[in-house]
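Order of the sequence lines fixes the chain letters, A, B, ..., with proteins taken first and strands second; residue numbering starts at 1 for each chain. Just the heavy atoms: all of them, side chains too, but no hydrogens, waters or symmetry mates, feed the values below.
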Amino acid sequence: LAKTTQPISMDSYEGQEVNITCSHNNIATNDYITWYQQFPSQGPRFIIQGYKTKVTNEVASLFIPADRKSSTLSLPRVSLSDTAVYYCLVGSGGATNKLIFGTGTLLAVQP
Amino acid sequence: EAGVAQSPRYKIIEKRQSVAFWCNPISGHATLYWYQQILGQGPKLLIQFQNNGVVDDSQLPKDRFSAERLKGVDSTLKIQPAKLEDSAVYLCASSASGILGNEQFFGPGTRLTVL
């Protein structure tokens, strides 16, 4: 099972773009890369998922290089409400769809 | 669409007592997960069900933890007897199927405090 490594914490200011990088050197061919966001006292919430190249949705972009050994979550123009823990996960689907959460990255957005 | 429901939201018990948590997944979701999240750590998968069958329970402490998913819908997670180190948030999640890279939807969790 692929293991992920990401920074423990990051600081930013409102209106800035934030990029959180995750390394997953042992990612398998069938694995997808998924990012979740977690606020205090809540369960994690899906942000974005990708397999390769670039994926963009209404809240974030996910950049995945050709070797897929890392990925970068990009949050455009963050606000105070984006302060949360962000988890990078890799895993495949099917009956054995197993996602392993690391310790995540605590993003603190300041005014 | 209703989300994943969990109850109770909070529970305080003394060590060696028993406790049970309940989860109602999103309607139609075949896969159900129970996670344990200790303060300051990421969620750790305890058990995964596909319909009413267990897919993975390799990290479930089976001497004290048990889980069931009768009729492939609701699920209960039980701890008997509880230990101090079981203090954590217990999260339930569900996903639609085993489609590659399928999204998991999480409930609000049950915060357990063992005294």
Side-chain angles (χ1 to χ4, degrees), chain A residues 1-9 20 22 24 27-52 55 57 59-60 62 64 68 71 84-107, chain B residues 3-7 9-10 21 23-26 29-60 88-113:
Chain A
L1 294 168
K3 185 175 179 180
T4 60
T5 302
Q6 50 184 126
I8 294 175
S9 64
I20 306 175
C22 177
H24 26 80
I27 189 168
T29 303
N30 292 336
D31 286 342
Y32 271 65
I33 300 158
T34 311
W35 285 80
Y36 282 81
Q37 175 192 55
Q38 187 175 27
F39 297 112
S41 301
Q42 295 186 24
R45 184 175 70 103
F46 174 90
I47 301 175
I48 197 166
Q49 184 179 78
Y51 185 79
K52 62 181 179 180
V55 179
N57 62 22
V59 298
L62 179 59
I64 305 169
R68 303 200 327 123
S71 59
V85 177
Y86 292 82
Y87 294 99
C88 162
L89 300 90
V90 293
S92 60
T96 57
N97 182 19
K98 183 172 180 175
L99 297 179
I100 298 177
F101 286 80
T103 53
T105 297
L106 174 59
L107 172 65
Chain B
V4 176
Q6 290 188 248
S7 68
R9 290 296 312 276
Y10 305 92
F21 312 126
C23 173
N24 181 236
I26 292 174
H29 279 193
T31 311
L32 185 147
Y33 313 79
W34 282 102
Y35 291 85
Q36 178 193 60
Q37 186 171 25
I38 293 173
L39 187 64
Q41 300 181 17
K44 169 187 152 185
L45 179 67
L46 293 176
I47 189 168
Q48 176 185 340
F49 292 93
Q50 184 75 12
N51 296 309
N52 61 348
V54 175
V55 173
D56 184 351
D57 63 357
S58 58
Q59 297 203 85
L60 186 73
V89 175
Y90 290 85
L91 295 162
C92 179
S94 69
S95 63
S97 69
I99 295 174
L100 190 67
N102 205 41
E103 174 185 350
Q104 293 187 24
F105 295 83
F106 285 80
T110 296
R111 182 177 298 278
L112 173 67
T113 301

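- At a threshold of 4.5 Å between non-hydrogen side-chain atoms, the residues A/S41 and B/R111 count as touching.
- Looking at A/Y87 and B/P43, their side chains come closer than 4.5 Å, going by heavy atoms from C-beta outward.
- For the atom pair OH of A/Y36 and CD of B/E103, the computed distance is 5.5 Å after rounding to the nearest 0.5 Å.
- Neither the backbone nor the side chain of B/Q6 comes within contact range of chain A; no heavy atoms are under 4.5 Å apart.
- The NZ atom of B/K44 sits 14.0 Å away from atom CZ of A/F101, with the distance rounded to the nearest 0.5 Å.
- The two residues B/L91 and A/G43 make their nearest non-hydrogen contact at CD2-CA, 3.8 Å.
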